[in-house]
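Let me begin by presenting the structure, written as structure tokens, before commenting on it.
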2 protein chains.
Amino acid sequence: MQIKSSIKDIAKRANVSVSTVSRVLNNSKYVSEDLKRRVLSVVEETGFKPNMVARGLVNKKTSLIGVLIPRISNNFFSKLIEGIEEVLQTYGYNILLSTSYNEIEKELEYLNIFEDRQLDGIIFSVTEFTDQHKNFFGETVVPTVFLGQKVETLKKYPYVTIDNIKAAYEATRYLIKQKHKRIAIMAGPEKDCATGDNRLQGYLEALKEAGLPLYTSWQTRRYHTIDDGYYAASQIMSQSEKPTAIFACSDQQALGAINYLREHGYRVPEDISVMGFDDVDLATVFRPKLTTVKQNPVDMGATAARLLIDQIHGNSLTALENLVPYRLVVRESTKSL
Amino acid sequence: MQIKSSIKDIAKRANVSVSTVSRVLNNSKYVSEDLKRRVLSVVEETGFKPNMVARGLVNKKTSLIGVLIPRISNNFFSKLIEGIEEVLQTYGYNILLSTSYNEIEKELEYLNIFEDRQLDGIIFSVTEFTDQHKNFFGETVVPTVFLGQKVETLKKYPYVTIDNIKAAYEATRYLIKQKHKRIAIMAGPEKDCATGDNRLQGYLEALKEAGLPLYTSWQTRRYHTIDDGYYAASQIMSQSEKPTAIFACSDQQALGAINYLREHGYRVPEDISVMGFDDVDLATVFRPKLTTVKQNPVDMGATAARLLIDQIHGNSLTALENLVPYRLVVRESTKSL
DNA sequence: CTGTTAGCGCCTTCAC
DNA sequence: GTGAAGGCGCTAACAG
């Protein structure tokens, strides 16, 4: 293919009409074997490829799915993408990837871009579901699946997530059962509902239930990066009153925390227990092996993608709420007092 | 916006022609303040958004860049994406993400999709540059930047990479200087040129130069995952003749290898040294801290994106070869004999 | 300055 | 079965 050829050109060369070409290209209507052959051979020769943009314009579909996540360099999210891509691919969709870095404005911005671009669907790992989000999803008509937290919208879009409150509650319960009484938490960033508010809530419930002390200086809210975990640990451990266990709301933060602790002479888990969340790839490679709340991001991504496809195909969805399993995995970074 | 409105509708409601609407929307030509205001207010009211697909059809640009990498869950590649997205975003481009899992057929498949979709550019982290690739890039006219290895094409596309042969050579040299004489290598997958062939070559050159033994049973070729590193280590260590050092061509593999070694009673680095490659986030969090060849993927991604933008803008590019710096970082996973 | 018109490349009635 | 014609939503000459 030298210069962009169009359906018209190949119609001419095959001595047929453009509609015939279109028909054989789409297998949309019966075309005599003769013409079909003629068209196909010209297509072959010229290496002709139909213009997907033009096609999209008339068909009103782009075969593109917008995927919006907070951060791609977090193993949890990249696994999510793996799951998403795997199923979308089999349905002929591609991924338009955007990252918000947990910034609400960026989320809104990308959401609008998704709409402008006429994307066929959206998979969205929300940070905080604000009124502006609600507005957007009230007005838009783009099939959507939310990932990572429960989201209530007028339009009734499904979401797939674990029960974050419960999971955090159970993780904290476990620590309590291990006789820990002074437990700190490193939660997600300030505005992050799922890994921030929800998990913090579960933690608080467990502490209250057990009648344990709640120090706000033992509660941090930071991004899910190793660096932020390191910093959060430094804050917590700079208090005069020190915890015997830290519940990190992501393995990334747990790793950063352990790094800090070790550099400052604490042994994990002998001096202080650290619980993670996610069970990323290296949770079992790291030493001590991370005790953590295992999620299955590949599955979650795949599930979300399937729910999206269903919506696009107009299938009635079975349920809005898709709670997926998680599991507390006890390994070496925590111990009983 | 209830039902999809078009430029036509808002032209009607504002009592102007479609071209006027188009003009104010694009700021393309001077429009009287009066009309402009009228149009803008209607746009405001209706929440009108121009259809990017239609726009793309006439402008022959999609503002979409195809990014093709082997694997997103590898920290090195996700960092690459971070760098790419950061600069593309400022130019109004979005990313169409695809992963090849190092499969040549998938690469070709996605490349074709990129072309079909009329993407404005391609950033491609090649596995192996085959004749089919060469064909594709000979016929296509899509601006491209190669990432991670030197690639020669007719069309003269730029590439950004470190000098893999040299880097591997130096890494191996270092091990040799540390008095290691029996050095194994865990290279990239069979068909991977950069992390496979090139790094293996650098390793071999260093060994030959030093007159050290070359055992093919000390050379593995596997994917850059923790699991594959684990497995590769098991293969190497099952030989009767055992190495005193392993040069892993990715930190992922190094991590997997160390995991294997420890599970099987070897201490790192006391019994066996392990050298990594990449310097991913957790190289310094892991214990022992990884001795590794540091790359800067965020920068590399950003550089690639800039080179692509230059191409798209028709700027003459300064150089095809963009060798970026790397650095051997000695930490704790290797030691002198 | 503004409106009319002709496409961009493709699909889809609608007649033949 | 096949072709001609209209239109998807937008932009860019071309007149006025």
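Proteins come first, then strands; the chains are lettered A, B, ... in the order of their sequence lines, and each starts at number 1.
Each of B/Val39, B/Thr46, B/Leu40 was evaluated against B/Val42; a single residue qualifies, B/Thr46, per the side-chain contact (heavy atoms from CB on, under 4.5 Å) test.
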Query - Annotated protein contacts, base or backbone, on nucleotides 2-13 of chain C with a non-hydrogen cut-off under 4.0 Å, one of B, S, - each - result: BBB---BBBBBB

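Note: CD1 (B/Ile10) to P (D/dT11) measures 11 Å, nearest angstrom.
In this structure, A/Ser100 and A/Leu68 have side chains that are in contact, with non-hydrogen atoms separated by less than 4.5 Å. Residues A/Pro189 and A/His224 form a side-chain contact, since some pair of their non-hydrogen atoms from C-beta on lies under 4.5 Å apart.
Relative orientation of the A/Tyr157 and A/Phe137 rings is perpendicular, given thresholds of 30° and 60° on the angle between their planes.
Ion pair B/Arg38/B/Asp34 flagged as a salt bridge, since at least one NZ, NE, NH1 or NH2 atom sits closer than 4.0 Å to an Asp/Glu carboxylate oxygen.
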